[in-house]
Amino acid sequence: MSAHQYDEGHTVAGWTGFGIASVGTTVWGLGLCLVSVPLLAAGIAIDVVGLLATWALHLTGWGKPPGRRPREQWGMRVRDTAARAGHPGCVGCRLAGRGVARTAVDTAPAQAPEAEREAAAASGVMPVSAGEAEPAAAPFGG
């Protein structure tokens, strides 16, 4: 039994990213202290590699989805089998194009044309159908 009764989120992706980013930040800090542009650039490049490595490991299932995980998935060596489909609310998965993509068309309930016109009239914006003349513009301030 683990001494911790909660999920700390320790994952292969997290520790790998932390290790690479620590080296990159150290090189970046050394470049700052020595006023060395090549070291600054190298440190930033290492940090970017750390970010990309963490993202790649997360997408392959070695990361943690947002929120709490079930107790059986708390171990660091447990791979997330749901990562291929994308985690709901996960920015990394969304950037990779995973998960359910929702558009305004998908989320809006279908309305009858009369209901659409009534809603538009209530909002003050009237749609113009093909072949109809546009209504005259309202005077400024009115």
In Å and rounded to the nearest 0.5 Å, what is the [atom1] to [atom2] distance from [X] to [Y]?
X	Y	atom1	atom2	answer
R84	C93	CZ	SG	12.0 Å
L59	H87	CG	NE2	9.0 Å
L52	D47	CG	CG	11.0 Å

Do the side chains of [X] and [Y] join up, straight or via other hydrophobic residues, at under 4.5 Å, putting them in one cluster?
X	Y	value
V35	L39	no
W55	V48	yes
L51	I46	no

Side chain to side chain donor-acceptor pair (under 3.5 Å) contacts in which one or both residues fall within residues 26-46, not counting sequence neighbours:
none

Determine, step by step, whether H58 and D80 satisfy the side chain to side chain donor-acceptor pair (under 3.5 Å) criterion, reporting the C-alpha distance in whole Å, the side-chain angles of both residues, the deciding distance to 0.1 Å, and the verdict.
CA-CA 9 Å; H58 172 77; D80 181 16; over 6 Å; no

Considering non-hydrogen atoms only, spot the tightest contact between A83 and G61 and give its length.
CB-CA, 3.6 Å

When every non-hydrogen atom of G50 is compared with those of I20, the smallest separation belongs to CA-CG2, 3.3 Å

With no hydrogens and no angle check, is any side-chain donor or acceptor of R79 less than 3.5 Å from a backbone partner on G63?
no

So which residues get pulled into W15's cluster when ILVMFWY side chains under 4.5 Å apart are joined, directly or through others?
V12, F18, L57, W62, M76

